[in-house]
There are 2 protein chains.
Amino acid sequence: MADTPGGENLLFLTDEQLRKGIEAMFFAYRGFTADPDRILEGMDYGRAHHRAIHFVHRSPGTTVSNLLAILGVTKQSLNRVLRTLIEDGLVRSEKGRVDARERHLYLTEKGLVLERELSDAQRARMRAAYRAAGPSAVQGFRQVLEAMMDPEMRKQYNRLKEGG
Amino acid sequence: MADTPGGENLLFLTDEQLRKGIEAMFFAYRGFTADPDRILEGMDYGRAHHRAIHFVHRSPGTTVSNLLAILGVTKQSLNRVLRTLIEDGLVRSEKGRVDARERHLYLTEKGLVLERELSDAQRARMRAAYRAAGPSAVQGFRQVLEAMMDPEMRKQYNRLKEGG
DNA sequence: TTGGAAAGTCAACAAGGCTGACGTAAATTT
DNA sequence: AAATTTACGTCAGCCTTGTTGACTTTCCAA
């Protein structure tokens with residue numbers, strides 16, 4: 001366990017350590033999405049619907065263009081998802097009062113039920129992982145993830161963090 | 001910062017903390033894939049090709065069915081990707097000597113060049129994140145990710161870890 | 001020698017990305 | 001008042017990457 005000339009232990013920056021981190025991200029993300037995917041399969045929805053539901057729940061009354069910025073997809077792609085959710089009565093779209101061009105989005109009762117089901121499942125896995133790893137590991141986990149984001153995404157992330 | 005009756009501080013297990021972890025995973029994964037995606041766009045390849053290249057590089061001589069287990073896709077889906085990589089001379093497929101039904105996969109020189117380009121980019125981001133967060137954060141990062149994997153995926157992950 | 005595993009192929013399909021073009025209503029600028 | 005810009009929706013078409021099902025070839029092992 002030699003230190004560098006600079007005095008810092010940089011063993012965690014070897015290519016081997018970085019590769020492990022990369023593979024950990026790959027395999028963990030599979031677990032991260034597995035439970036919601038299971039719930040959604042068979043219903044007419046997919047991961048894209050889950051994401052829309054999550055962020056509408058997270059920021060009730062958000063506009064379409066705000067959602068576009070968060071999700072990082074085209075409006076055509078989002079619209080396809082949003083349309084089915086509105087048709088199926090999971091999401092309500094309200095014309096803006098101050099700016100009538102905007103549409104403000106809310107989950108309906110029915111939407112909240114599905115959101116709860118999905119997030120319960122995802123939280124259960126996250127809770128188990130957090131519990132297994134312990135509080136200080138969780139802090140490190142969040143630090144590394146935050147540092148991995150594109151600056152633009154980090155802004156979105158922090159905006160949500162503060163808002164909540 | 002009150003402790004629980006059990007004596008452990010479980011503040012990190014609140015729904016709010018879990019939600020932040022979920023959103024951190026979402027935004028960070030975007031960053032994680034962004035650089036390779038940029039490199040691959042315009043070439044005829046996508047994320048699926050990157051994954052195949054990564055794991056063939058990681059385990060030279062691996063069989064198709066082993067790769068299937070790691071990637072968790074159908075053989076038809078993998079085959080489409082693998083075929084183009086072989087046609088383009090990035091991957092070499094060798095009939096097994098002990099079991100001639102098996103195909104053993106290797107990166108060619110050309111494949112190694114692309115692998116290097118992709119993994120350099122991905123490692124650079126991971127390195128920056130690790131450096132920003134520090135060694136103990138990295139340890140926590142890996143612990144939480146590992147705990148988040150499905151048991152089957154954790155096996156694959158550890159098999160790769162040991163092998164390397 | 002026969003059953004089954006490994007690998008590959010063809011066909012068809014779906015989700016969910018993308019671009020481009022166009023339309024409408026509302027807000028803003030000129 | 002007119003022109004422009006913004007926010008949103010939609011149609012059409014394309015691509016990647018996933019899926020299932022059916023079928024063949026090869027070859028190991030009971």
Side-chain angles (χ1 to χ4, degrees), chain A residues 26 29-30 33-34 36-56 61-88 91-106, chain B residues 26 29-30 33-34 36-56 61-88 91-106:
Chain A
F26 172 71
Y29 199 77
R30 293 257 290 277
T33 57
D37 282 356
R38 247 189 303 276
I39 291 170
L40 290 165
E41 92 179 359
M43 320 182 54
D44 268 356
Y45 305 131
R47 215 175 276 182
H49 299 83
H50 180 196
R51 291 197 284 260
I53 288 171
H54 175 98
F55 286 108
V56 170
T62 189
T63 63
V64 171
S65 54
N66 183 38
L67 207 49
L68 285 177
I70 288 173
L71 294 174
V73 297
T74 59
K75 63 172 178 173
Q76 293 90 329
S77 196
L78 175 58
N79 189 256
R80 178 169 37 197
V81 164
L82 227 37
R83 195 187 338 172
T84 68
L85 291 175
I86 291 168
E87 280 171 3
D88 296 350
V91 168
R92 182 164 47 90
S93 170
E94 247 181 32
K95 189 174 284 190
R97 279 192 273 191
V98 33
D99 184 337
R101 290 171 303 179
E102 295 180 333
R103 297 289 179 276
H104 297 276
L105 303 170
Y106 303 88
Chain B
F26 172 71
Y29 198 78
R30 293 257 290 276
T33 57
D37 282 356
R38 248 189 303 275
I39 291 170
L40 290 165
E41 93 178 359
M43 320 180 57
D44 269 355
Y45 305 132
R47 214 175 277 180
H49 300 82
H50 180 197
R51 291 196 285 260
I53 287 171
H54 175 97
F55 286 109
V56 170
T62 189
T63 62
V64 171
S65 55
N66 183 38
L67 209 49
L68 285 177
I70 288 173
L71 295 174
V73 298
T74 59
K75 62 175 176 173
Q76 292 90 333
S77 196
L78 175 58
N79 190 255
R80 178 169 38 200
V81 164
L82 229 34
R83 195 189 331 160
T84 68
L85 292 175
I86 291 169
E87 280 170 4
D88 296 351
V91 167
R92 182 164 48 87
S93 170
E94 248 182 33
K95 191 173 283 192
R97 279 192 272 193
V98 35
D99 183 339
R101 293 168 302 179
E102 295 180 338
R103 297 291 179 276
H104 297 276
L105 304 169
Y106 303 88

What pairs of donor and acceptor atoms, side-chain ones from residues 77-88 of chain B against any protein atom, are under 3.5 angstrom apart with sequence neighbours left out?
| unit_1 | atom_1 | unit_2 | atom_2 | d |
| --- | --- | --- | --- | --- |
| B/Thr84 | OG1 | B/His49 | NE2 | 3.3 |
| B/Thr84 | OG1 | B/Val81 | O | 2.8 |
| B/Asp88 | OD2 | B/Tyr45 | OH | 2.4 |

Minimum-distance pair of heavy atoms, taken over all atoms of A/Leu105 and A/Leu67: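 Here A/Leu105 and A/Leu67 meet closest at CD1-CD2, 3.7 Å.
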
Indicate the atoms forming the closest heavy-atom contact of A/Gly46 with A/Leu40, along with that distance.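 Shortest heavy-atom separation between A/Gly46 and A/Leu40 comes out as O-CD1, 3.3 Å.
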
Test of understanding: with salt bridge (charged side-chain N to carboxylate O under 4.0 Å, His left out), list the residues that count as partners of B/Arg97, not counting sequence neighbours.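 Salt bridge (charged side-chain N to carboxylate O under 4.0 Å, His left out) list for B/Arg97, sorted by chain: empty.
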
Residue pairs involving residues 41-51 of chain A (criterion salt bridge (charged side-chain N to carboxylate O under 4.0 Å, His left out); sequence neighbours excluded):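 Qualifying pairs: A/Asp37-A/Arg47.
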
May I have the distance from B/Asn79 (atom CG) to D/dT17 (atom P), rounded to whole angstrom?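 Interatomic distance, CG of B/Asn79 to P of D/dT17: 14 Å.
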
Near-strand residues of residues 65-78 of chain A, defined as heavy-atom separation under 4.0 angstrom from DNA chain C: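 Close to the strand are A/Gly72, A/Val73, A/Thr74, A/Gln76, A/Ser77.
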
Within the sub-3.5 Å range, which N or O atoms of nucleotides 24-30 of chain D have a protein N or O partner, and how far apart are they?
none

Pairing residues for [X] by the side chain to side chain donor-acceptor pair (under 3.5 Å) criterion, not counting sequence neighbours:
X        : result
A/Arg30  : none
B/Gln76  : none
B/Arg103 : none
B/His50  : none

Want to settle it: does A/His104 or A/Arg80 sit nearer the 5' end of DNA chain D, counting the closest nucleotide to each?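 Taking each residue's closest nucleotide, the earlier one in sequence belongs to A/His104.
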
I would like to know whether A/His104 and A/Thr63 meet side-chain contact (heavy atoms from CB on, under 4.5 Å); could you show each step before the answer? CA-CA 5 Å; A/His104 297 276; A/Thr63 63; 3.8 Å; yes

Quick one, which residues of residues 40-52 of chain A touch DNA chain D with a heavy atom under 4.0 Å?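 Within residues 40-52 of chain A, no residue comes under 4.0 Å of DNA chain D.
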
In Å, rounded to the nearest 0.5 Å, how long is the span from OG of A/Ser65 to NZ of A/Lys75?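 Going from the OG atom of A/Ser65 to the NZ atom of A/Lys75 covers 11.0 Å.
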
Boundaries of the DNA chain C segment in contact with chain A, non-hydrogen, under 4.0 Å: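 Result: C/dG16 to C/dA27.
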
Would you call the rings of B/Phe26 and A/Phe55 parallel, tilted or perpendicular, taking 30° and 60° as the class edges?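 Because their plane-to-plane angle lies in the 30° to 60° range, the rings of B/Phe26 and A/Phe55 count as tilted.
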
